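Notes to accompany the following structure.
If you're wondering where the values come from, they're calculated on a predicted model, not measured in any experiment. Numbered from 1 within each chain, the chains take letters A, B, ... in sequence-line order.
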Amino acid sequence: MPSENKIVEIKNLSKVYGNGVEVYALNSIDLNITKGEFMAIVGPSGSGKSTLLHIIGILDTPTSGTILIDGENVSDMSDDQRATVRNKKLGFVFQYHHLLPDFTALENVMMPMFIAGVEKKEAKERATQLLSDVGLHDRMEHRPNELSGGQCQRVAVARALANNPDILIGDELTGNLDSKSSRMVYDILRRLNEKYKQTFIIVTHDDALAERTDRIVRIIDGKIVS
Amino acid sequence: MVDGMYEHKIAIRNVISNKKNTMFSVIAVALAIGIIIIFMGLISGFAAELTDSITDNSPHIRVSPSENNDFIHLYQHHLDTINGIDGVSSTSLILREAATLEKRNKGVSTTITGIVPEQEIRTMGIDDDLIAGDFYTLDHRRNSIVISTGLANELNVEMGDRITMAIGEDRSIDLEVVGLVLSGSNLAYVHLDFIQDYFGHKGKVSTISVVLDDIYAADEIAAEIERETELEATSWIEDHSDLFDLLAIQNIVAWIFYILIYVVAGFGIANVLLTMVMEKKKEIGMLMAMGATRKSIVKIFFIEATFLGIVGLILGCIIALVGIHLLGLIEIEIPIDEVYADVATVPLDPQLIHFLYAGGFAMVVNVIASIVPARQASKLDPVEAIEDDT
């Protein structure tokens, strides 16, 4: 049985790539993440930190080992089941915002809720609240090409939180931003973490940002070193 | 604003935001549909024109003497029998003989057709092309003849002139021209009673012309006439069977042509959708990360293809209607003889079924063309799609 406050439980997880020559992107990882935790995964390029994040986000599958999200083993789920878990329990923010260019900020934030089948009125109310939370209440009807990089990334954060997920996953989410926008996004994440008590897992190269999280997990050559 | 069916909104916005690419696909579909509808209209117009020209100028059923007989005897009895058959609209008695028509030193060998004017007018509408005089004069003026303008030009005669009808070298009779029919052919009409008397064929005719209410019932009614009268009855369809075989072959060739046009348009649509998959890779990956299932991604591309198809279909129908209208304005001069000419338009017979055929096939082609791009999009790995740098 999973412990009450564990949201992610990873046991002996490995990810191997390659035809013929096997390369271990992740090698026998054990990691538990507590609900509401704000943690950073750091490590040099190619260390396996993004692979770990993608496996936690059920975007990728492990070669061996198990991963439990909120007590559910997601390693052997079907494609549709994984899509449902991603929609209901996970929110993603990537280095680039990947907003749908033909939709307004508000519509972009509503999109995960429509995928989940939430009613339009309810979706609009929540999206409006989230955009206000990230300081974009006056930019809701703007399309991505009418917003700055930092504003787009804030819309992406609001979108990631749309379905009130258990975990928000950020992959180098400030990597494309200047230091001022970076700080602003971090402050927003921190505030939202305190407000909504969701688990925030971010992969970053930015040591200063990592230092400001509750916990740092360091990966080198596919292994957790601290 | 997006609503519950998010796949529809994404698909339609994708199409609208990719105007440049989608425009070519829509034009490809529209042109295919437009060309095919116009072509179908032309082919059925041509077939209708052909049928009209056959059935306008010749009887629907030609009743001839039975085998080993040169003439139909007791024709009044046969005429009553034929008139009593369901579907027969009118009948006309004909006796044809060869003779030479002469004026001064000019002579033209032709067939003289003996008719009962009232019957032949009712059955074949021969007075439609009458430009001078009338056929009924044949009823009361014994030595009279109605000839075509072609023949009149050749003999250099006019209304009221007398021409000589000669059989062999020792028999001839002068006839007064009492009517002129507009035709380039050598036509000559006299009264049935006169030709029977003059050629010694009292009580005989060569054929009975039959006109029907429904021209396509000709084969069945011809068979019934043969059963009832023991004469030979040939329908216009049987008479022109070679032509109908040719029309059937033309139809097959046309369908091959339609399919080829659709295949080309289909590749156009597939190409646009594949380009869209490549361009929208990251967004597709992000949708998957947000929880969109692979089925939803397939649905988005099917909706895009259907939307492109519908827009192409509407545009194609407009192209077809405009094309049909413009083709209808083209006038073609058809010479009838040296003096007269008729003006005709391009034969077009646009039918609702052509629009339905073209539209239905276009939608099928669209769906088929979207299968590969939709599958390709749904098979994308979300991580690879999001991290794709191309």
Which atoms of [X] come close to chain B, meaning under 4.5 Å heavy atom to heavy atom: side chain ones, backbone ones, both, or neither?
X	result
A/F94	side chain
A/R159	side chain
A/H98	both
A/D171	side chain

Lys NZ or Arg CZ of A/R126 over A/Y196 ring: under 6.0 Å, within 45°: yes

Geometric cation-pi criterion, B/R13 with A/F103: 6.0 Å, 45°: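 Here B/R13 passes the 6.0 Å and 45° test against A/F103.
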
Between B/Y6 and B/S296: side-chain donor-acceptor atoms closer than 3.5 Å: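 There is such a pair (donor and acceptor under 3.5 Å, judged by atom type) between the side chains of B/Y6 and B/S296.
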
Any side-chain donor near an acceptor of the partner, A/D206 and A/T204, under 3.5 Å: no

Which portion of B/I16 sits near chain A, non-hydrogen atoms under 4.5 angstrom: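 Neither; nothing under 4.5 Å.
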
Winner by heavy-atom pair count (cut-off under 4.5 Å) against chain A, out of B/P382, B/A289, B/G285, B/S17: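 Ranked by heavy-atom pairs under 4.5 Å with chain A, first place is B/A289.
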
Heavy-atom pair count under 4.5 Å with chain A, highest-scoring of B/K280, B/M288, B/M286: B/M286

Donor-acceptor pair, side chain of A/E172 and main chain of A/H205, under 3.5 angstrom: yes

Pairing of A/K89 and A/E72 as salt bridge, 4.0 angstrom limit: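 A salt bridge is present here (some side-chain N lies under 4.0 Å from a carboxylate O).
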
